[in-house]
Amino acid sequence: MSIEAYQAANKLAQKAYRAAMNKGEYPYLSALDDFLPYERTAGEKYIGVIEIPLYLVAGTKTAGRQNSFANNFMPLLDVETEFAYKWSDLYDSQLSEGIRDPIVAYEYMHRFYVMEGNKRVSVLKNLNAVKISAKVTRIIPKKTDDLENKIYFEFMDFYDDAKIYDIWFSKEGSYAKLYKNYGYQPGEAWTEESRTALRSEFLNFRKIYKAKGGDKINITSGDAFLAYIEIFPAWQLQSGTEDEIKSNLTKMWDEFVTLSQNDSMKIVLEPHQKEKSAPALSILNRILNDTPKQLKVAFIFEKSVVNSAWNYAHEMGRIHLEQVFGKRIKTSIYEHAEFTNNSEDIIEAAIEDGNQIIFTVPAQLASASVKAAVKHPEIKILNCSTNSKSQAIRTYYCRMYESKFLLGVIAGALSETNEVGYMADYPIYSTIANINAFALGAQMVNPRVKVHLRWGSLKEAEQKDWPEDVQLIFDKDMINPKYPSRKYGLYRQLPDGQIENIATSICHWGKVYELIIRSILENTWKEEVEKNKNRALNYWWGISSGVLEIVCSQKLPDGTKILIDLLTELIRRREFNPFQFTWTKQDGTVTNEAGKRLEPEEIFKMNYLASNIEGGIPELSELKEEVKEFVRLQGGF
């Protein structure tokens, strides 16, 4: 029987050999010593005798026996050779009592290369075994800026805590997310129970995922596993039936495909609407007037709408919707959706109440929104944020950097001391672009101006007062209705302590919501899906879409007002962009030397400041505890 097994394995080897040759690939096992120069390593570390996943065994340590095997580890030598008899004896031993002696292997970059025991690996791979005992020595690479190298160093820290080799990711930060899903912190040792649970859940997921065609998607099984357990609880991978897991995978499949794409995120700069010809408007009006069912729309807030300036602005947007569409839609409010507590339950309640469209207003609810959207693909869920990579939901936001640029122009023109203040909120995506746009606008009309940056989200011990010469200050855009203050927008601080409001920017959330509802009624929502298959759609609309404007005091000098009107019109016609010229960073390097328009993703992912800004981007440790998770979720730096 063992000789017959060898013959069958030999046929698999010959097949793999021919396939590799036809593709121009190396047909034998790779040898670590052949491709790893000593100068690329930083030392070795003996790991010990451990069980290693056989699918991670990639080749041999030296070139000695590599030509005896095809690249699938099946034996190539003739059946009459001594090699074949030894292989067959090992096959019999495995069937009768198991192969007990550990192999000797070196691990490099999450792959194993065999020093002693190639035939044992070959036999066990032939028998579809999952793991093999090995004496493992790790070869540590030198640190580089290469993505795979960075991920590997994250893996080494993870292994020190969890002692698990099976899971590998293709994106930075994934191991930290895995820790969080299992209730651990980096640097905290995992219990044996937790290690066993994770390994069992991952291997069960991997088996079903691959059987369903996961190998055809260009992500690792670890990437898919992490995405899965962030939607469906990991413990269900042990207690749930295979059919339930397959059903969940079907719901998640588009998410996996989206993860695999380099251009998985599409930033939509203008509303996609049908041309407003007379017939089209007539059809739309007939649809709106003849539709027997009301469109039910839910708004979910983290706090009460009267206790938050942010929520109040969106509540005005909801009221605008009702005024525009009347009885054709019915809106409802769900408050106090704390993102660390009950947000998922509140979204589920909104779905159970029959809402077909759900707007989750806090950016912190992005993750809960994705979970609900995957489970309920028939419901349209949108989150007010800027950087979702999930095609299950859509995000929406205003291009606030356009209005901040205009406010900067006003500040630069009016400053008598060449010192201006800017109060920012959180160091997240798009916020840095807003700060830079303000500084560049001020610099455009006043080359000597300095912008002093402060952060409202810092711990009290990190806060700094404004310099004495700072009289013009930009603060938050919105007023809290419960705690009104004149410290909003761009204002002047007068010597007697009074505040003189000069200008502010307004994002018309009602117009944003109106455009989204119209896209659904006109069916352009569906057209965008078909046009951007498996891509995450992020609406990022600005002055050109009519959702953003500057409101100025009547005391603004006429010349400045004319300049602002002119720049606003150029931005509205998309003939001018605040970032389309060359400017200098704080470190002295020049950005955008070609004077081209920066891509939208380059703008909202900025993590550097302009040279005329005094201040910096805070570290996570400097922030208040209650905002750290929000900053992590929204791409803090």
Side-chain angles (χ1 to χ4, degrees), residues 265-277 280-281 284 313-314 316-317 320-321 324 382 384-387 394-410 429-438 440-441 444 477-478 489-490 503-522 524-525 527-528 531-532 535-552 561-581 592 595-606:
M265 184 169 59
K266 169 69 174 178
I267 300 173
V268 182
L269 298 178
E270 301 294 339
H272 178 54
Q273 300 180 79
K274 291 187 183 295
E275 295 204 12
K276 293 186 177 182
S277 61
L281 284 174
L284 173 61
H314 288 269
M316 293 299 98
H320 173 86
L321 268 190
V324 169
L382 301 97
C384 192
S385 58
T386 55
N387 66 324
R394 298 191 192 181
T395 65
Y396 58 99
Y397 212 82
C398 292
R399 291 198 298 274
M400 301 301 294
Y401 72 86
E402 295 177 344
S403 60
K404 298 299 188 288
F405 172 80
L406 296 171
L407 291 173
V409 170
I410 296 172
Y429 283 141
S430 79
T431 296
I432 311 301
N434 296 345
I435 299 166
N436 283 331
F438 181 91
L440 293 175
M444 188 174 79
D477 292 303
M478 297 163 287
L490 180 66
T504 192
S505 59
I506 296 176
C507 184
H508 295 289
W509 293 111
K511 183 65 175 176
V512 172
Y513 291 125
E514 178 188 343
L515 288 168
I516 291 172
I517 295 298
R518 288 196 185 280
S519 77
I520 293 169
L521 294 171
E522 294 178 1
T524 54
W525 174 282
E527 289 176 7
E528 284 183 305
K531 185 179 178 181
N532 298 280
R535 296 176 79 188
L537 296 180
N538 294 261
Y539 298 146
W540 204 28
W541 299 336
I543 289 173
S544 59
S545 304
V547 300
L548 188 64
E549 70 168 326
I550 291 288
V551 178
C552 299
K561 183 66 169 65
I562 290 170
L563 176 60
I564 293 302
D565 288 344
L566 175 62
L567 289 171
T568 300
E569 180 61 17
L570 289 173
I571 293 172
R572 186 190 68 78
R573 287 164 23 195
R574 302 190 67 180
E575 294 176 5
F576 175 79
N577 183 289
F579 297 112
Q580 72 181 53
F581 50 88
N592 197 24
K596 65 180 180 63
R597 290 190 180 218
L598 296 182
E599 293 297 323
E601 193 166 350
E602 292 179 279
I603 294 174
F604 81 74
K605 283 192 174 182
M606 279 182 183

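Both backbone and side-chain heavy atoms feed into the values below; hydrogens, waters and symmetry mates do not. Just so we're clear, the structure is a prediction, and the values are computed from it rather than from any experiment.
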Quick one: list whatever passes side-chain hydrogen bond (donor to acceptor under 3.5 Å, both in side chains) with Glu549, sequence neighbours left out.
-> His508
Contacts of Ile267 that satisfy side chain to side chain contact (heavy atoms under 4.5 Å, CB included) - sequence neighbours left out = Leu269, Trp540, Pro600, Glu601, Phe604
Report the residues that fulfil disulfide (SG to SG under 2.5 Å) with Cys384, sequence neighbours left out, ordered by chain and then residue number.
-> none
Contacts of Tyr396 meeting side-chain hydrogen bond (donor to acceptor under 3.5 Å, both in side chains) (sequence neighbours excluded), chain-then-number -> Tyr513
Among Leu566, Leu406, Leu548, find the one that has a side chain to side chain contact (heavy atoms under 4.5 Å, CB included) with Ile571.
-> Leu406
Hey, could you give me the CD1/NZ distance between Ile550 and Lys561, rounded to the nearest 0.5 Å?
-> 10.0 Å
CD1 on Ile543 to CZ on Arg573, rounded to 0.5 Å = 13.0 Å
Hey, could you give me the CG/CG distance between Asp477 and Leu490, rounded to the nearest 0.5 Å?
-> 11.0 Å
Contacts of Trp541 meeting ring pair (Phe, Tyr, Trp, His ring centres under 6.0 Å) (sequence neighbours excluded), chain-then-number -> Tyr539
Closest approach of Lys511 to Gly546 (non-hydrogen atoms, all atoms of both residues) | CG-O, 3.8 Å
Quick one: do Phe579 and Glu602 satisfy side chain to side chain contact (heavy atoms under 4.5 Å, CB included)? Show the steps, please.
-> CA-CA 10 Å; Phe579 297 112; Glu602 292 179 279; over 6 Å; no
Under the side chain to side chain contact (heavy atoms under 4.5 Å, CB included) test, residues paired with Asn592 that sit two or more places apart = Lys596, Leu598
CG on Leu521 to CD1 on Ile516, rounded to 0.5 Å | 12.0 Å
Qualifying residues under ring pair (Phe, Tyr, Trp, His ring centres under 6.0 Å), relative to Trp525, sequence neighbours excluded | none
Are Cys507 and Tyr397 side-chain neighbours, meaning at least one heavy-atom pair lies under 4.5 Å?
-> no
By ring pair (Phe, Tyr, Trp, His ring centres under 6.0 Å), Phe576 pairs with (sequence neighbours left out) Phe405
If you round to the nearest 0.5 Å, how far is CG of Asn538 from OG of Ser385?
-> 7.0 Å
Just wondering, do Leu440 and Pro578 contact through their side chains at under 4.5 Å, heavy atoms?
-> no
Could you give the distance from CD1 (Ile435) to OG (Ser430), rounded to the nearest 0.5 Å?
-> 9.5 Å
Does Glu402 reach the main-chain N or O of Gly542 with its side chain, forming a donor-acceptor pair under 3.5 Å?
-> no
Applying side-chain hydrogen bond (donor to acceptor under 3.5 Å, both in side chains) to Gln580 and not counting sequence neighbours gives none
Starting from the C-alpha separation in whole Å, work towards a yes-or-no answer on side chain to side chain contact (heavy atoms under 4.5 Å, CB included) for Met400 and Thr386.
-> CA-CA 11 Å; Met400 301 301 294; Thr386 55; over 6 Å; no
Could you pull out all residues at least two apart from Ser545 that satisfy side-chain hydrogen bond (donor to acceptor under 3.5 Å, both in side chains)?
-> Glu270
Would you mind checking if Asp565 and Arg572 are paired as a salt bridge, meaning a charged N to carboxylate O distance below 4.0 Å?
-> no
Partners passing side chain to side chain contact (heavy atoms under 4.5 Å, CB included) against Lys531 (at least two apart in sequence or in another chain) = none
Are any non-hydrogen side-chain atoms of Met444 and Leu567 less than 4.5 angstrom apart?
-> yes
What residues form a side chain to side chain contact (heavy atoms under 4.5 Å, CB included) with Arg535, not counting sequence neighbours?
-> Gln261, Asp263, Lys266, Asn532
